[in-house]
Enquirer: 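Just passing along the structure, written as structure tokens.
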Amino acid sequence: MKDRKTVICILGPTATGKTSLALALSEHMPVEVISVDSAMVYAGLDVGTAKPSPDELSRVPHHLVGMLAPTEVYSAADFRKDARRLIEEVLSRGKTPLLVGGTMLYFNALFFGLDQLPGASVEVRSQIQAKANENGWLSLHEELAAVDPLSARRIHPNDKQRVQRALEVFLLTGVRLSEMQEKALAGGQYLSCLFSEFDLRIFSLELADRRELYRRIDLRFKSMLEQGLVEETVQLRQNYHLCASMPSMRAIGYRQVCAYLEGEYDYDAMICRAQAASRQLAKRQITWLRGWRKRNCLPIQSLESGAEGLCEFIQDDLGLN
């Protein structure tokens, strides 16, 4: 396996048990986990990101977990640079990199690169911001849906940065962002990226029963509240002087709790909004996954399936059994 430079990726929608599977796999293989989660990268965001416990973190080396202060900004380009470095470091130690997470934008940047996209334009971004100031970001998302419906389905209306970027790409090139990404995949541009350098094995946790996934999503958020998500958010805001517009506080769960703390809506409404946002995130993650034909869907019928069986499936695919 070392000679082949195998890299394993476990992807899937939120609440599908990716972390549990990674921990189980670490009991069977010499791996180090590289987190692919845009919120888990921040220190202190523990409950709301379902961050592995200290005991779980001690069982297998984890990277890109809790490495930044919540005041910092971390981009897909930052992730790609860090992940590529870590992959080489893990391989040099004779272990297998195990990339685990649900931030599909990060996986996309790592798999296919960022060079094919145009650079940022201050002028175009100023025009987009002016429109947002006048009409609101929802209207900008509707504008994106008119020119690039696939990207609009993947991007939440509240994700201002990604709405802005998708519109910017279209305004600069006249080509949809989703179309560029699809051409990169179909045309083999990934051959200059990760696929040409490593034996990349992509496994996705997916469910046929969407209702079961949504049920687990709703229960998980309630569990986070019981574990102290509101109190954690209050403490983070006090310790770091955070506001709702900072990237760390835009993460689902924290964003809704911040709005609740600022009196925008009551506790029950906060729960409903966070659960709805999580379900919408899952839909977007599934849309991303369906665009990646090189993935291997793990044969799970329900989220109650044991991780051991999935580990055996992965090991069979890798030719280890």
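What you see is a predicted model, and the numbers here were worked out from it, not measured in a lab.
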Enquirer: Which heavy atom of Cys258 sits nearest to which heavy atom of Arg237, and what is that distance?
Expert: SG-NH1, 3.4 Å
Enquirer: Do side-chain atoms of Arg250 reach the backbone of Asp159 as a donor and acceptor pair under 3.5 angstrom?
Expert: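 Not at all, since once roles are kept as given, no pair shorter than 3.5 Å links the two residues.
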Enquirer: To the closest 0.5 Å, what do you measure between OG1 (Thr14) and CD (Gln280)?
Expert: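 With rounding to 0.5 Å, OG1 (Thr14) is 13.0 Å from CD (Gln280).
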Enquirer: Could you tell me whether the side chain of Leu310 reaches within less than 4.5 Å of the side chain of Phe203, counting heavy atoms only?
Expert: no
Enquirer: Just verifying a value: how many Å separate Ile252 CD1 and Leu281 CG, rounded to the nearest 0.5 Å?
Expert: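 The distance works out to 4.5 Å.
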Enquirer: Would you check if Val65 and Val41 make a side-chain contact, meaning some heavy-atom pair closer than 4.5 Å?
Expert: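 No - every pair of side-chain heavy atoms lies 4.5 Å or more apart.
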Enquirer: Enumerate, atom names and distances included, each donor-acceptor pair closer than 3.5 Å involving a side-chain atom of residues 66-74, sequence neighbours excluded.
Expert:
residue	atom	partner	partner atom	Å
Glu72	OE2	Ala69	N	3.2
Tyr74	OH	Asp82	OD2	2.7

Enquirer: Say whether, by atom type as modelled, one donor and one acceptor occur between the side chain of Glu168 and the main chain of Arg125 under 3.5 angstrom.
Expert: no
Enquirer: Does the pair Lys222/Glu226 count as a salt bridge with the N-to-O cut at 4.0 Å?
Expert: no
Enquirer: Work out which heavy atom in Trp137 is nearest to a heavy atom in Ala132; give both atom names and the distance.
Expert: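 For Trp137 and Ala132, the tightest heavy-atom pair comes out as CE2-CB, 3.4 Å.
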Enquirer: Is a side-chain N or O of Glu56 found less than 3.5 angstrom from the main chain of Leu23, in a donor-acceptor match?
Expert: no
Enquirer: Walk me through it: do Arg59 and Glu27 pass the test side-chain contact (heavy atoms from CB on, under 4.5 Å)?
Expert: CA-CA 9 Å; Arg59 287 165 52 187; Glu27 301 292 330; 3.4 Å; yes
Enquirer: Do side-chain atoms of Lys18 reach the backbone of Pro13 as a donor and acceptor pair under 3.5 angstrom?
Expert: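 Flag set: sc Lys18 to bb Pro13 pair under 3.5 Å.
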Enquirer: Does any N or O in the side chain of Asp148 come within less than 3.5 Å of the main-chain N or O of Leu177, such that one atom is a donor and the other an acceptor?
Expert: yes
Enquirer: Quick test of your reading of the model: are Arg279 and Asp218 salt-bridged, counting only N-O distances below 4.0 Å?
Expert: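 Yes, this pair counts.
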Enquirer: Compare all side-chain heavy atoms of His28 with those of Gln315 and state whether any distance is below 4.5 angstrom.
Expert: yes
Enquirer: Let me confirm one number: the CG-CD1 distance from Leu64 to Ile34, rounded to the nearest 0.5 Å.
Expert: 7.0 Å
Enquirer: Nearest 0.5 Å, please: how far is CH2 in Trp288 from CG in Asn108?
Expert: 4.5 Å
Enquirer: Any salt bridge between Lys5 and Glu197, counting N to O under 4.0 Å?
Expert: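 Between Glu197 and Lys5 there is no salt bridge, as every charged N stays at least 4.0 Å from the carboxylate O atoms.
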Enquirer: Work out which heavy atom in Leu144 is nearest to a heavy atom in Ala166; give both atom names and the distance.
Expert: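 Answer, listing the atom of Leu144 first, then Ala166: CD1-CB, 3.7 Å.
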Enquirer: Dump the intermediate steps for side-chain contact (heavy atoms from CB on, under 4.5 Å) on Tyr265 and Gln256, then the final yes or no.
Expert: CA-CA 9 Å; Tyr265 36 75; Gln256 289 76 22; 3.8 Å; yes
Enquirer: Can you find a heavy atom in the side chain of Leu140 that is under 4.5 Å from one in the side chain of Leu167?
Expert: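 Sidechains of Leu167 and Leu140: in contact.
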Enquirer: Strictly distance-based, threshold 3.5 Å: is any side-chain N or O of His141 a donor or acceptor partner for the main-chain N or O of Ile155?
Expert: yes
Enquirer: Give me the atom names and distance for the closest heavy-atom approach of Met40 to Pro52.
Expert: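 For Met40 versus Pro52, the nearest heavy atoms are SD-CD, 3.7 Å.
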Enquirer: Rounded to the nearest 0.5 Å, what separates atom CZ in Arg154 from atom CG in Leu105?
Expert: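 Those atoms lie 10.0 Å apart.
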Enquirer: Look only at the side chain of Lys131 and the backbone of Ser139, and say whether a donor-acceptor pair between them is shorter than 3.5 Å.
Expert: no
Enquirer: Report yes if some heavy atom in the side chain of Phe198 is under 4.5 Å from a heavy atom in the side chain of Leu91; otherwise report no.
Expert: yes
Enquirer: Taking all atoms of both residues into account, what is the closest heavy-atom pair of Tyr106 and Ser38, and its distance?
Expert: OH-CB, 3.5 Å
Enquirer: Give a yes or no on this: more than 12 heavy atoms of other residues, nucleotides or ligands lie within 6.0 Å of atom CZ of Arg85.
Expert: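 Yes.
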Enquirer: With no hydrogens and no angle check, is any side-chain donor or acceptor of Asp316 less than 3.5 Å from a backbone partner on Phe313?
Expert: no
Enquirer: One pair to check against side-chain contact (heavy atoms from CB on, under 4.5 Å): Thr233 and Tyr260. What are the steps and the verdict?
Expert: CA-CA 11 Å; Thr233 307; Tyr260 159 66; over 6 Å; no
Enquirer: Output yes when a side-chain donor or acceptor of Gln285 lies under 3.5 Å from a complementary backbone atom of Gly102, and no otherwise.
Expert: yes
Enquirer: I'd like to know if the side chain of Ser223 and the backbone of Leu219 have a donor-acceptor N/O pair within less than 3.5 Å.
Expert: no
Enquirer: What do the steps show when you test Leu261 against Val234 for side-chain contact (heavy atoms from CB on, under 4.5 Å), and what is the final call?
Expert: CA-CA 8 Å; Leu261 293 172; Val234 169; 3.7 Å; yes
Enquirer: Show the nearest heavy-atom pair for residues Val31 and Val60, with the distance to one decimal.
Expert: O-CG2, 3.3 Å
Enquirer: For the pair Arg201 and Asp317, find out whether any cationic side-chain nitrogen is under 4.0 Å from an anionic carboxylate oxygen.
Expert: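 A salt bridge links Arg201 with Asp317.
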Enquirer: Below 4.5 Å, heavy atoms only, C-beta onward: do Pro61 and Lys95 meet side chain to side chain?
Expert: yes
Enquirer: Hey, does Phe79 have a side-chain heavy atom less than 4.5 Å from the side chain of Thr103?
Expert: no
Enquirer: Can you measure from CD (Gln127) to CG (Leu171) and round to the nearest 0.5 angstrom?
Expert: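 The CG atom of Leu171 is 7.5 Å from CD of Gln127, to the nearest 0.5 Å.
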